Protein chains: 2
Amino acid sequence: MEDKFQLLKQHFEEIVPLTDEEWNFVQSHFEVKRLKKHQFLIQVGQPVDFEYWIIKGLVKAYSIDEKGKEHILQFAMEDYWVSDHYAFQHQEPGTIFVDCLEDSEFFCLSLENREKICFEVPAVANFFRIKSNYGYINLQQRILSLLTMTAENRYDYLINKLPKLIQRVPKKLIASYLGVSRETLSRFNS
Amino acid sequence: MEDKFQLLKQHFEEIVPLTDEEWNFVQSHFEVKRLKKHQFLIQVGQPVDFEYWIIKGLVKAYSIDEKGKEHILQFAMEDYWVSDHYAFQHQEPGTIFVDCLEDSEFFCLSLENREKICFEVPAVANFFRIKSNYGYINLQQRILSLLTMTAENRYDYLINKLPKLIQRVPKKLIASYLGVSRETLSRFNS
DNA sequence: GATTTTTTGTGATGTATATCAATCTTGAAA
DNA sequence: TTTCAAGATTGATATACATCACAAAAAATC
(Lines give C-alpha, C1' and ligand atoms only; values in the text may rest on other atoms or scores of the structure.)
Protein backbone atom coordinates (compact mmCIF):
# COMPACT_ATOMS: atom_id res chain seq x y z
CA MET A 1 0.00 0.00 0.00
CA GLU A 2 2.81 2.37 0.95
CA ASP A 3 4.48 1.45 -2.32
CA LYS A 4 1.70 2.89 -4.39
CA PHE A 5 1.84 6.24 -2.67
CA GLN A 6 5.58 6.11 -3.10
CA LEU A 7 5.08 5.78 -6.85
CA LEU A 8 2.76 8.77 -6.91
CA LYS A 9 5.19 10.79 -4.82
CA GLN A 10 7.97 10.02 -7.28
CA HIS A 11 5.67 11.10 -10.09
CA PHE A 12 5.24 14.51 -8.44
CA GLU A 13 8.85 14.86 -7.48
CA GLU A 14 10.06 14.30 -11.02
CA ILE A 15 8.65 17.78 -11.60
CA VAL A 16 8.61 19.63 -8.27
CA PRO A 17 10.14 19.01 -4.83
CA LEU A 18 7.71 18.59 -1.92
CA THR A 19 8.33 18.70 1.82
CA ASP A 20 7.10 15.74 3.87
CA GLU A 21 4.40 17.92 5.30
CA GLU A 22 3.24 18.98 1.85
CA TRP A 23 3.27 15.43 0.60
CA ASN A 24 1.24 14.11 3.50
CA PHE A 25 -1.32 16.78 2.85
CA VAL A 26 -1.42 16.09 -0.89
CA GLN A 27 -1.54 12.33 -0.49
CA SER A 28 -4.55 12.47 1.80
CA HIS A 29 -6.63 13.83 -1.10
CA PHE A 30 -6.28 10.74 -3.25
CA GLU A 31 -8.22 7.50 -3.05
CA VAL A 32 -7.49 4.15 -4.65
CA LYS A 33 -9.70 2.30 -7.12
CA ARG A 34 -9.32 -1.10 -8.78
CA LEU A 35 -11.05 -2.39 -11.89
CA LYS A 36 -10.89 -5.60 -13.87
CA LYS A 37 -10.47 -5.83 -17.61
CA HIS A 38 -13.59 -4.70 -19.50
CA GLN A 39 -14.90 -2.65 -16.60
CA PHE A 40 -15.70 1.01 -17.14
CA LEU A 41 -13.92 3.87 -15.47
CA ILE A 42 -16.08 6.48 -17.19
CA GLN A 43 -19.28 6.20 -19.22
CA VAL A 44 -21.19 8.58 -21.47
CA GLY A 45 -23.96 10.26 -19.53
CA GLN A 46 -22.61 9.26 -16.10
CA PRO A 47 -21.03 11.66 -13.60
CA VAL A 48 -17.26 12.12 -13.93
CA ASP A 49 -16.18 12.61 -10.34
CA PHE A 50 -12.46 12.10 -10.72
CA GLU A 51 -9.39 12.30 -12.80
CA TYR A 52 -7.20 9.26 -12.50
CA TRP A 53 -3.54 8.52 -12.25
CA ILE A 54 -2.80 4.98 -13.34
CA ILE A 55 -0.78 2.94 -10.86
CA LYS A 56 -0.96 -0.20 -12.93
CA GLY A 57 -2.87 -1.32 -16.00
CA LEU A 58 -4.06 0.02 -19.33
CA VAL A 59 -7.22 1.80 -20.43
CA LYS A 60 -8.68 3.27 -23.58
CA ALA A 61 -10.64 6.52 -23.81
CA TYR A 62 -12.97 6.60 -26.78
CA SER A 63 -16.17 7.89 -28.27
CA ILE A 64 -18.77 5.99 -30.27
CA ASP A 65 -20.21 7.61 -33.40
CA GLU A 66 -23.76 7.32 -34.80
CA LYS A 67 -22.77 4.22 -36.78
CA GLY A 68 -21.51 2.55 -33.60
CA LYS A 69 -17.90 2.93 -34.63
CA GLU A 70 -15.33 3.43 -31.89
CA HIS A 71 -12.77 6.26 -32.09
CA ILE A 72 -9.91 6.15 -29.64
CA LEU A 73 -8.91 9.46 -28.12
CA GLN A 74 -6.21 8.10 -25.86
CA PHE A 75 -4.51 5.03 -24.51
CA ALA A 76 -3.30 5.41 -20.95
CA MET A 77 -1.09 3.14 -18.88
CA GLU A 78 1.14 3.25 -15.80
CA ASP A 79 2.17 6.77 -14.84
CA TYR A 80 -0.44 8.42 -17.14
CA TRP A 81 -3.32 10.65 -16.17
CA VAL A 82 -6.71 9.96 -17.70
CA SER A 83 -10.25 11.27 -17.44
CA ASP A 84 -13.03 12.77 -19.49
CA HIS A 85 -11.34 16.11 -18.94
CA TYR A 86 -14.11 18.13 -20.51
CA ALA A 87 -16.85 16.61 -18.38
CA PHE A 88 -14.66 16.57 -15.30
CA GLN A 89 -13.69 20.21 -15.57
CA HIS A 90 -17.23 21.38 -16.24
CA GLN A 91 -18.78 18.84 -13.86
CA GLU A 92 -21.09 17.62 -16.58
CA PRO A 93 -22.16 14.10 -17.59
CA GLY A 94 -19.52 12.02 -19.33
CA THR A 95 -18.98 12.59 -23.05
CA ILE A 96 -16.73 9.58 -23.68
CA PHE A 97 -16.12 6.05 -22.44
CA VAL A 98 -13.02 4.91 -20.62
CA ASP A 99 -12.62 1.21 -19.99
CA CYS A 100 -9.91 -1.19 -18.98
CA LEU A 101 -7.93 -3.26 -21.47
CA GLU A 102 -6.20 -4.93 -18.52
CA ASP A 103 -6.90 -5.23 -14.80
CA SER A 104 -6.02 -1.78 -13.52
CA GLU A 105 -5.47 0.28 -10.42
CA PHE A 106 -5.89 4.03 -10.03
CA PHE A 107 -5.42 6.98 -7.77
CA CYS A 108 -8.57 9.11 -7.93
CA LEU A 109 -8.55 12.88 -7.53
CA SER A 110 -11.78 14.87 -7.36
CA LEU A 111 -12.06 18.36 -8.85
CA GLU A 112 -12.61 19.85 -5.42
CA ASN A 113 -9.54 18.12 -4.05
CA ARG A 114 -7.43 19.05 -7.03
CA GLU A 115 -8.25 22.71 -6.65
CA LYS A 116 -7.70 22.44 -2.91
CA ILE A 117 -4.21 21.00 -3.14
CA CYS A 118 -3.30 23.37 -5.98
CA PHE A 119 -4.28 26.48 -4.07
CA GLU A 120 -2.93 25.15 -0.78
CA VAL A 121 0.44 23.93 -2.11
CA PRO A 122 1.92 26.12 -4.87
CA ALA A 123 4.33 23.39 -5.94
CA VAL A 124 1.34 21.23 -6.82
CA ALA A 125 -0.13 24.00 -8.94
CA ASN A 126 3.18 24.12 -10.77
CA PHE A 127 3.21 20.36 -11.09
CA PHE A 128 -0.16 20.30 -12.84
CA ARG A 129 0.71 23.36 -14.87
CA ILE A 130 3.83 21.74 -16.23
CA LYS A 131 2.15 18.36 -16.77
CA SER A 132 -0.75 19.99 -18.55
CA ASN A 133 1.63 21.94 -20.72
CA TYR A 134 3.40 18.76 -21.80
CA GLY A 135 0.02 17.19 -22.49
CA TYR A 136 -0.91 20.15 -24.65
CA ILE A 137 2.29 19.84 -26.62
CA ASN A 138 1.66 16.14 -27.22
CA LEU A 139 -1.83 16.79 -28.49
CA GLN A 140 -0.55 19.45 -30.87
CA GLN A 141 1.90 16.91 -32.25
CA ARG A 142 -0.91 14.41 -32.71
CA ILE A 143 -3.04 16.98 -34.53
CA LEU A 144 -0.15 17.78 -36.83
CA SER A 145 0.34 14.07 -37.48
CA LEU A 146 -3.35 13.75 -38.39
CA LEU A 147 -3.11 16.73 -40.74
CA THR A 148 0.22 16.06 -42.39
CA MET A 149 0.89 12.32 -42.40
CA THR A 150 -0.66 9.38 -44.21
CA ALA A 151 -2.18 6.64 -42.07
CA GLU A 152 0.81 4.42 -42.79
CA ASN A 153 3.28 7.08 -41.67
CA ARG A 154 1.29 7.64 -38.50
CA TYR A 155 1.52 3.91 -37.84
CA ASP A 156 5.29 3.84 -38.31
CA TYR A 157 5.59 6.92 -36.13
CA LEU A 158 3.57 5.30 -33.35
CA ILE A 159 5.59 2.08 -33.51
CA ASN A 160 8.71 4.14 -32.93
CA LYS A 161 7.22 6.36 -30.26
CA LEU A 162 5.38 3.76 -28.20
CA PRO A 163 6.64 0.29 -29.15
CA LYS A 164 5.48 -1.12 -25.80
CA LEU A 165 1.93 0.01 -26.45
CA ILE A 166 1.73 -1.95 -29.72
CA GLN A 167 2.56 -5.13 -27.79
CA ARG A 168 -0.24 -4.63 -25.29
CA VAL A 169 -3.04 -3.47 -27.58
CA PRO A 170 -4.89 -5.29 -30.41
CA LYS A 171 -4.18 -3.81 -33.81
CA LYS A 172 -7.82 -3.00 -34.43
CA LEU A 173 -7.61 -0.56 -31.53
CA ILE A 174 -4.38 0.91 -32.84
CA ALA A 175 -6.20 1.42 -36.13
CA SER A 176 -9.01 3.23 -34.36
CA TYR A 177 -6.48 5.46 -32.57
CA LEU A 178 -4.77 6.31 -35.84
CA GLY A 179 -8.04 7.09 -37.61
CA VAL A 180 -7.83 4.24 -40.10
CA SER A 181 -9.82 1.04 -40.62
CA ARG A 182 -8.41 -2.19 -39.23
CA GLU A 183 -8.40 -3.70 -42.73
CA THR A 184 -6.29 -0.87 -44.09
CA LEU A 185 -3.86 -1.02 -41.17
CA SER A 186 -3.54 -4.73 -41.73
CA ARG A 187 -2.29 -4.04 -45.26
CA PHE A 188 0.61 -1.87 -44.07
CA ASN A 189 4.01 -3.55 -43.92
CA SER A 190 5.79 -2.74 -40.71
CA MET B 1 -0.06 51.87 -23.31
CA GLU B 2 -1.68 51.45 -19.92
CA ASP B 3 -4.73 50.07 -21.71
CA LYS B 4 -2.83 47.10 -23.06
CA PHE B 5 -1.59 46.07 -19.66
CA GLN B 6 -5.11 46.55 -18.41
CA LEU B 7 -6.32 44.04 -20.99
CA LEU B 8 -3.71 41.53 -19.90
CA LYS B 9 -4.59 42.08 -16.26
CA GLN B 10 -8.25 41.39 -17.02
CA HIS B 11 -7.18 38.24 -18.83
CA PHE B 12 -5.46 36.99 -15.68
CA GLU B 13 -8.20 38.12 -13.35
CA GLU B 14 -10.87 36.22 -15.25
CA ILE B 15 -9.19 33.18 -13.72
CA VAL B 16 -7.40 34.26 -10.54
CA PRO B 17 -7.42 37.39 -8.36
CA LEU B 18 -4.13 39.27 -8.03
CA THR B 19 -3.07 41.94 -5.58
CA ASP B 20 -1.69 45.18 -7.02
CA GLU B 21 1.71 44.19 -5.80
CA GLU B 22 1.50 40.83 -7.50
CA TRP B 23 0.26 42.38 -10.70
CA ASN B 24 3.04 44.93 -10.84
CA PHE B 25 5.55 42.16 -10.41
CA VAL B 26 3.93 39.99 -13.07
CA GLN B 27 3.48 42.81 -15.55
CA SER B 28 7.14 43.76 -15.42
CA HIS B 29 8.03 40.39 -16.98
CA PHE B 30 6.22 41.05 -20.26
CA GLU B 31 7.39 43.04 -23.23
CA VAL B 32 5.44 44.35 -26.21
CA LYS B 33 6.00 43.44 -29.85
CA ARG B 34 4.32 44.67 -33.03
CA LEU B 35 4.28 43.03 -36.44
CA LYS B 36 2.70 43.86 -39.78
CA LYS B 37 0.68 41.46 -41.89
CA HIS B 38 2.87 38.76 -43.48
CA GLN B 39 5.65 39.16 -40.95
CA PHE B 40 6.83 36.14 -39.02
CA LEU B 41 6.50 35.70 -35.28
CA ILE B 42 8.19 32.29 -35.35
CA GLN B 43 10.12 30.46 -38.06
CA VAL B 44 11.30 26.89 -38.48
CA GLY B 45 14.91 26.59 -37.35
CA GLN B 46 14.96 29.93 -35.53
CA PRO B 47 15.08 30.34 -31.74
CA VAL B 48 11.69 30.51 -30.02
CA ASP B 49 12.36 32.91 -27.17
CA PHE B 50 8.80 33.68 -26.15
CA GLU B 51 5.23 32.67 -25.91
CA TYR B 52 2.85 35.38 -26.97
CA TRP B 53 -0.44 36.76 -25.80
CA ILE B 54 -2.24 38.55 -28.59
CA ILE B 55 -3.36 42.06 -27.75
CA LYS B 56 -4.67 42.71 -31.23
CA GLY B 57 -4.50 40.98 -34.58
CA LEU B 58 -4.60 37.49 -36.04
CA VAL B 59 -1.93 34.89 -36.74
CA LYS B 60 -1.69 31.39 -38.12
CA ALA B 61 0.57 28.64 -36.79
CA TYR B 62 1.40 26.05 -39.42
CA SER B 63 3.84 23.52 -40.71
CA ILE B 64 4.93 22.92 -44.29
CA ASP B 65 5.20 19.34 -45.54
CA GLU B 66 7.68 17.88 -48.06
CA LYS B 67 5.37 18.78 -50.94
CA GLY B 68 5.29 22.40 -49.79
CA LYS B 69 1.72 22.10 -48.57
CA GLU B 70 0.71 24.18 -45.57
CA HIS B 71 -1.11 22.57 -42.60
CA ILE B 72 -2.61 24.94 -40.07
CA LEU B 73 -2.23 23.92 -36.45
CA GLN B 74 -3.92 26.96 -34.96
CA PHE B 75 -5.45 30.34 -35.65
CA ALA B 76 -4.92 32.80 -32.83
CA MET B 77 -6.45 36.23 -32.33
CA GLU B 78 -7.10 38.74 -29.55
CA ASP B 79 -6.92 37.19 -26.08
CA TYR B 80 -5.27 33.96 -27.34
CA TRP B 81 -1.88 32.58 -26.42
CA VAL B 82 0.35 31.33 -29.22
CA SER B 83 3.84 29.95 -29.64
CA ASP B 84 5.72 26.95 -30.92
CA HIS B 85 5.10 25.38 -27.54
CA TYR B 86 7.28 22.37 -28.18
CA ALA B 87 10.31 24.39 -29.21
CA PHE B 88 9.66 27.02 -26.54
CA GLN B 89 9.39 24.51 -23.73
CA HIS B 90 12.47 22.57 -24.78
CA GLN B 91 14.36 25.70 -25.88
CA GLU B 92 15.02 24.18 -29.27
CA PRO B 93 14.87 25.67 -32.78
CA GLY B 94 11.40 26.35 -34.13
CA THR B 95 9.44 23.44 -35.62
CA ILE B 96 6.61 25.48 -37.14
CA PHE B 97 5.93 28.88 -38.66
CA VAL B 98 3.73 31.52 -37.11
CA ASP B 99 2.93 34.58 -39.20
CA CYS B 100 0.49 37.46 -39.17
CA LEU B 101 -2.71 37.48 -41.20
CA GLU B 102 -3.31 41.03 -39.97
CA ASP B 103 -1.17 43.73 -38.35
CA SER B 104 -0.73 42.42 -34.83
CA GLU B 105 0.47 43.30 -31.38
CA PHE B 106 1.73 40.93 -28.69
CA PHE B 107 2.83 40.59 -25.12
CA CYS B 108 5.96 38.43 -25.04
CA LEU B 109 6.83 36.15 -22.14
CA SER B 110 10.14 34.29 -22.01
CA LEU B 111 10.43 30.81 -20.51
CA GLU B 112 12.64 32.11 -17.74
CA ASN B 113 10.17 34.85 -16.88
CA ARG B 114 7.22 32.49 -17.03
CA GLU B 115 8.81 30.10 -14.58
CA LYS B 116 9.86 33.04 -12.41
CA ILE B 117 6.39 34.52 -12.07
CA CYS B 118 4.83 31.06 -11.63
CA PHE B 119 7.11 30.11 -8.76
CA GLU B 120 7.04 33.58 -7.27
CA VAL B 121 3.27 34.11 -7.47
CA PRO B 122 1.20 30.96 -6.85
CA ALA B 123 -1.92 32.52 -8.37
CA VAL B 124 -0.04 32.82 -11.67
CA ALA B 125 0.90 29.15 -11.53
CA ASN B 126 -2.78 28.41 -11.09
CA PHE B 127 -3.66 30.75 -13.92
CA PHE B 128 -1.42 28.94 -16.37
CA ARG B 129 -2.46 25.57 -14.99
CA ILE B 130 -6.12 26.30 -15.61
CA LYS B 131 -5.50 27.92 -19.01
CA SER B 132 -3.38 25.01 -20.09
CA ASN B 133 -6.02 22.59 -18.94
CA TYR B 134 -8.66 24.35 -21.05
CA GLY B 135 -6.26 24.30 -23.99
CA TYR B 136 -5.79 20.56 -23.53
CA ILE B 137 -9.53 20.02 -23.50
CA ASN B 138 -9.92 22.02 -26.72
CA LEU B 139 -7.24 20.00 -28.47
CA GLN B 140 -8.89 16.75 -27.40
CA GLN B 141 -12.12 17.99 -28.94
CA ARG B 142 -10.30 18.83 -32.16
CA ILE B 143 -8.70 15.39 -32.28
CA LEU B 144 -12.08 13.77 -31.80
CA SER B 145 -13.49 15.94 -34.58
CA LEU B 146 -10.68 14.82 -36.89
CA LEU B 147 -11.30 11.16 -36.01
CA THR B 148 -15.10 11.10 -36.02
CA MET B 149 -16.40 13.77 -38.38
CA THR B 150 -16.37 14.20 -42.15
CA ALA B 151 -14.65 17.29 -43.51
CA GLU B 152 -18.04 18.88 -44.20
CA ASN B 153 -19.21 18.30 -40.62
CA ARG B 154 -16.01 19.79 -39.30
CA TYR B 155 -16.64 22.85 -41.44
CA ASP B 156 -20.20 23.27 -40.15
CA TYR B 157 -18.94 22.75 -36.63
CA LEU B 158 -16.29 25.45 -37.04
CA ILE B 159 -18.75 27.91 -38.54
CA ASN B 160 -20.89 27.49 -35.43
CA LYS B 161 -18.00 27.58 -32.99
CA LEU B 162 -16.00 30.47 -34.44
CA PRO B 163 -18.19 32.42 -36.88
CA LYS B 164 -16.01 35.53 -36.47
CA LEU B 165 -12.92 33.62 -37.56
CA ILE B 166 -14.51 32.60 -40.87
CA GLN B 167 -15.05 36.30 -41.68
CA ARG B 168 -11.42 37.18 -41.08
CA VAL B 169 -9.68 34.26 -42.78
CA PRO B 170 -9.61 33.16 -46.46
CA LYS B 171 -11.41 29.88 -47.02
CA LYS B 172 -8.29 28.20 -48.36
CA LEU B 173 -6.76 28.61 -44.91
CA ILE B 174 -9.88 27.29 -43.22
CA ALA B 175 -9.58 24.28 -45.49
CA SER B 176 -6.00 23.76 -44.42
CA TYR B 177 -7.02 23.98 -40.76
CA LEU B 178 -9.77 21.41 -41.29
CA GLY B 179 -7.48 19.02 -43.13
CA VAL B 180 -9.28 19.22 -46.47
CA SER B 181 -8.36 20.64 -49.87
CA ARG B 182 -9.64 24.10 -50.76
CA GLU B 183 -11.43 22.69 -53.79
CA THR B 184 -13.34 20.20 -51.69
CA LEU B 185 -14.25 22.83 -49.12
CA SER B 186 -15.51 25.04 -51.91
CA ARG B 187 -17.98 22.31 -52.90
CA PHE B 188 -19.61 22.21 -49.45
CA ASN B 189 -22.88 24.10 -49.11
CA SER B 190 -22.91 26.17 -45.94
C1' DG C 1 -8.20 53.61 -60.82
C1' DA C 2 -5.58 50.32 -63.30
C1' DT C 3 -2.98 46.17 -62.66
C1' DT C 4 -1.09 42.46 -60.45
C1' DT C 5 -1.82 38.99 -56.98
C1' DT C 6 -4.66 36.25 -54.24
C1' DT C 7 -8.73 33.78 -53.62
C1' DT C 8 -12.65 31.16 -55.09
C1' DG C 9 -15.39 28.07 -58.01
C1' DT C 10 -16.18 24.13 -61.10
C1' DG C 11 -15.30 20.15 -64.18
C1' DA C 12 -12.56 15.92 -65.10
C1' DT C 13 -9.86 12.41 -63.32
C1' DG C 14 -6.98 9.82 -59.88
C1' DT C 15 -6.08 7.64 -55.42
C1' DA C 16 -6.02 6.43 -50.61
C1' DT C 17 -8.83 4.48 -47.71
C1' DA C 18 -13.56 2.67 -46.32
C1' DT C 19 -16.69 -0.92 -46.57
C1' DC C 20 -18.41 -5.59 -47.29
C1' DA C 21 -17.57 -10.43 -47.15
C1' DA C 22 -15.31 -14.59 -46.28
C1' DT C 23 -11.74 -17.15 -44.01
C1' DC C 24 -8.11 -17.98 -40.89
C1' DT C 25 -5.76 -17.38 -36.39
C1' DT C 26 -5.34 -16.50 -31.71
C1' DG C 27 -6.61 -16.18 -27.17
C1' DA C 28 -9.90 -16.33 -23.34
C1' DA C 29 -13.19 -18.80 -20.61
C1' DA C 30 -15.54 -22.79 -18.88
C1' DT D 1 -8.47 -29.27 -22.93
C1' DT D 2 -12.06 -28.05 -25.47
C1' DT D 3 -15.02 -24.43 -27.00
C1' DC D 4 -16.22 -20.12 -28.35
C1' DA D 5 -15.40 -15.29 -28.97
C1' DA D 6 -12.26 -11.82 -30.55
C1' DG D 7 -8.77 -10.43 -33.64
C1' DA D 8 -6.29 -10.55 -38.08
C1' DT D 9 -5.86 -11.18 -42.99
C1' DT D 10 -7.09 -10.86 -47.82
C1' DG D 11 -9.96 -9.92 -52.01
C1' DA D 12 -13.49 -7.22 -54.38
C1' DT D 13 -15.87 -3.05 -54.70
C1' DA D 14 -17.37 1.67 -53.30
C1' DT D 15 -16.55 6.44 -52.02
C1' DA D 16 -14.86 10.60 -50.05
C1' DC D 17 -11.59 13.46 -51.07
C1' DA D 18 -7.19 14.95 -53.61
C1' DT D 19 -5.21 16.66 -57.55
C1' DC D 20 -4.94 19.00 -61.95
C1' DA D 21 -6.53 22.51 -65.01
C1' DC D 22 -8.71 26.53 -66.11
C1' DA D 23 -11.67 30.55 -65.49
C1' DA D 24 -13.88 34.10 -62.76
C1' DA D 25 -14.08 37.14 -58.89
C1' DA D 26 -12.19 39.74 -55.26
C1' DA D 27 -8.60 42.10 -52.96
C1' DA D 28 -4.25 44.10 -52.44
C1' DT D 29 -0.75 47.15 -54.35
C1' DC D 30 1.19 50.58 -57.11
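No experiment lies behind these values; they were computed from the predicted model shown. Protein chains get the first letters and strands the later ones, always in sequence-line order, with residue 1 at the start of each.
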Do the non-hydrogen side-chain atoms of [X] and [Y] ever get within less than 4.5 Å of each other?
{"X": "B:Leu173", "Y": "B:Phe75", "result": "yes"}
{"X": "A:Val44", "Y": "A:Ile64", "result": "no"}
{"X": "A:Thr95", "Y": "B:Leu144", "result": "no"}
{"X": "B:Lys171", "Y": "B:Arg182", "result": "no"}
{"X": "A:Leu109", "Y": "A:Lys116", "result": "no"}
{"X": "A:Val59", "Y": "A:Phe106", "result": "yes"}
{"X": "B:Gln140", "Y": "A:Leu73", "result": "yes"}

If you take any heavy atom closer than 4.0 Å to DNA chain C, which residues from residues 173-186 of chain B end up in contact?
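Those residues are B:Arg182, B:Glu183, B:Ser186.
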Atom pair distance, as rounded to whole Å: [atom1] in [X] and [atom2] in [N]:
{"X": "A:Tyr155", "N": "D:dA8", "atom1": "OH", "atom2": "C1'", "answer": "11 Å"}
{"X": "B:Lys37", "N": "D:dT29", "atom1": "NZ", "atom2": "C1'", "answer": "11 Å"}
{"X": "A:Lys172", "N": "D:dA5", "atom1": "NZ", "atom2": "P", "answer": "14 Å"}
{"X": "A:Arg168", "N": "D:dG7", "atom1": "CZ", "atom2": "P", "answer": "17 Å"}
{"X": "A:Phe188", "N": "D:dA8", "atom1": "CZ", "atom2": "P", "answer": "14 Å"}
{"X": "A:Ile166", "N": "D:dA8", "atom1": "CD1", "atom2": "P", "answer": "11 Å"}

A:Ser176 side-chain N/O to A:Ile72 backbone N/O, donor-acceptor pair under 3.5 Å:
yes
By nearest heavy atom, map B:Pro170 and A:Met149 onto DNA chain C; which one lands nearer the 5' end?
B:Pro170
Overall bend - the helix from C:dG1-D:dC30 to C:dA30-D:dT1, comparing terminal axes fitted on five pairs, nearest 10 degrees:
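The helix from C:dG1-D:dC30 to C:dA30-D:dT1 shows an end-to-end axis angle of 70°.
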Would you say B:Gln74 and B:Arg142 are linked by a side-chain donor-acceptor pair, where the criterion is simply a distance under 3.5 Å?
no
Does the side chain of B:Asp65 pick up a donor-acceptor pair with the side chain of B:His71 at under 3.5 Å?
yes
Segment of DNA chain C, first to last nucleotide, that comes within the 4.0 Å heavy-atom reach of chain B:
C:dT7 to C:dA12
Candidates D:dT29, D:dT19, D:dT10 - which lies nearest the side chain of B:Lys69:
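Nearest listed nucleotide: D:dT19.
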Would B:Lys131 and B:Glu14 count as a salt bridge (Lys or Arg N to Asp or Glu O under 4.0 Å) if you check the C-alpha gap in whole Å, the side-chain angles of each, and the deciding distance to 0.1 Å?
CA-CA 11 Å; B:Lys131 272 285 158 193; B:Glu14 273 169 29; 5.4 Å; no
